[in-house]
Visitor: 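My structure is below; once you've seen it, I'll send some questions.
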Amino acid sequence: MRLHIALVHYPVLDRKGQRVTTSVTNLDIHDFVRIALTFDVEKAFMVTPITQQREMIQYVKDAWIGREESSEKKIRSRAFTRLEAVPSIEAVQDDILKRTGCAPFTITTSATKAE
């Protein structure tokens with residue numbers, strides 16, 4: 001099985017039920033790539049329609065790729081190779097379909113209590 005994950009910053013609902021874009025933080029990026037490496041995902045996507053946020057994700061990724069001084073940095077660098085910033089959930093689905101030839105089976109989670 002080929003596993004892909006996405007951390008979606010848009011569309012999400014705020015506490016009032018409004019559709020919003022949430023902020024991407026440096027901590028999000030680092031924690032997310034660690035999860036990707038731990039669970040051996042093929043690709044980890046961070047979804048945000050905001051160009052500056054995608055550029056920041058790429059900047060952090062580029063800062064880690066190729067750092068080979070210590071074994072800790074090699075592991076982090078390897079984790080970052082799995083990361084891609086994209087503008088939409090549809091871009092995630094399109095990428096997976098193009099690379100694998102199969103439409104992804106999508107599972108979502110929510111902090112909202114199911115009724």
Side-chain angles (χ1 to χ4, degrees):
M1 176 173 51
R2 300 171 85 169
L3 180 63
H4 301 79
I5 58 175
L7 181 57
V8 179
H9 287 272
Y10 179 86
V12 296
L13 300 179
D14 68 10
R15 65 180 74 126
K16 296 178 183 175
Q18 303 270 4
R19 186 175 291 189
V20 298
T21 302
T22 57
S23 298
V24 174
T25 69
N26 194 26
L27 186 61
D28 288 335
I29 300 167
H30 286 268
D31 285 349
F32 191 57
V33 297
R34 279 192 207 103
I35 291 167
L37 190 61
T38 299
F39 292 98
D40 197 26
V41 302
E42 187 169 321
K43 200 164 187 183
F45 299 90
M46 293 192 82
V47 179
T48 177
I50 300 174
T51 302
Q52 293 87 349
Q53 288 188 358
R54 291 193 312 274
E55 289 171 350
M56 180 195 58
I57 294 164
Q58 188 64 47
Y59 177 83
V60 172
K61 176 181 175 177
D62 291 345
W64 281 98
I65 298 291
R67 287 188 172 194
E68 300 291 330
E69 302 92 34
S70 70
S71 61
E72 176 190 325
K73 290 180 181 169
K74 286 180 188 177
I75 291 168
R76 181 95 40 111
S77 176
R78 193 171 74 228
F80 272 100
T81 64
R82 299 164 189 236
L83 179 65
E84 183 173 348
V86 295
S88 67
I89 294 169
E90 293 78 19
V92 172
Q93 294 168 326
D94 290 346
D95 181 274
I96 294 169
L97 180 60
K98 285 177 189 170
R99 281 184 304 98
T100 68
C102 298
F105 178 74
T106 305
I107 300 170
T108 62
T109 62
S110 174
T112 304
K113 185 177 179 179
E115 300 198 20

Visitor: Looking at the rings of His4 and Phe105, which for Trp means the six-membered one, are their centres under 6.0 Å apart?
Guide: no

Visitor: Any idea which heavy atoms bring Leu83 and Lys61 closest together, and the distance?
Guide: O-NZ, 2.6 Å

Visitor: Do you know which two heavy atoms are closest between Gln53 and Ser23, and how far apart they sit?
Guide: NE2-CA, 3.6 Å

Visitor: Looking at Asp95 and Lys98, is there a salt bridge between them, counting it only when a charged N and a carboxylate O are closer than 4.0 Å?
Guide: no

Visitor: Applying side-chain contact (heavy atoms from CB on, under 4.5 Å) to Trp64 and Arg78, what does each step give before you reach the verdict?
Guide: CA-CA 9 Å; Trp64 281 98; Arg78 193 171 74 228; over 6 Å; no

Visitor: Any heavy-atom pair between the side chains of Ile50 and His9 that's under 4.5 Å?
Guide: no

Visitor: Please assess Leu3 against Asp40 for the test side-chain contact (heavy atoms from CB on, under 4.5 Å), listing each intermediate value before the final yes or no.
Guide: CA-CA 8 Å; Leu3 180 63; Asp40 197 26; over 6 Å; no

Visitor: Please tell me whether Leu7 and Leu27 are part of a single hydrophobic cluster in this structure, the criterion being side-chain heavy atoms less than 4.5 Å apart.
Guide: no

Visitor: Distance from Met46 atom CE to Glu84 atom CD, nearest 0.5 Å?
Guide: 12.5 Å

Visitor: Give the minimum heavy-atom separation between Val86 and Arg54, together with the two atoms involved.
Guide: C-CD, 3.4 Å

Visitor: According to a 4.5 Å side-chain heavy-atom criterion applied to Ile, Leu, Val, Met, Phe, Trp and Tyr, with indirect links allowed, do Val24 and Ile89 form part of one hydrophobic cluster?
Guide: no

Visitor: Hey, could you give me the CG/OG1 distance between Asp28 and Thr48, rounded to the nearest 0.5 Å?
Guide: 10.5 Å

Visitor: When rounded to the nearest 0.5 angstrom, what is the spacing between CE in Met56 and OG1 in Thr51?
Guide: 13.0 Å

Visitor: Take Phe45 and Ile96 through the side-chain contact (heavy atoms from CB on, under 4.5 Å) test and state the conclusion after the steps.
Guide: CA-CA 11 Å; Phe45 299 90; Ile96 294 169; 4.2 Å; yes

Visitor: Look up atom CD in Gln18 and atom CG in Leu13, then write down how far apart they are to the nearest 0.5 Å.
Guide: 9.0 Å

Visitor: Does a side-chain heavy-atom distance below 4.5 Å link Thr81 with Ile65?
Guide: yes

Visitor: Membership question, hydrophobic clusters at under 4.5 Å side-chain separation (ILVMFWY): are Tyr10 and Val47 in the same one?
Guide: no

Visitor: When hydrophobic residues are tied together by side-chain contacts of less than 4.5 Å, even through go-betweens, does Val8 share a cluster with Leu97?
Guide: no

Visitor: Looking at Asn26, Asp62, Ile29, which hits side-chain contact (heavy atoms from CB on, under 4.5 Å) with Ile57?
Guide: Ile29

Visitor: What are the two closest non-hydrogen atoms of Arg82 and Leu37, and how far apart are they?
Guide: NH2-CD1, 3.7 Å

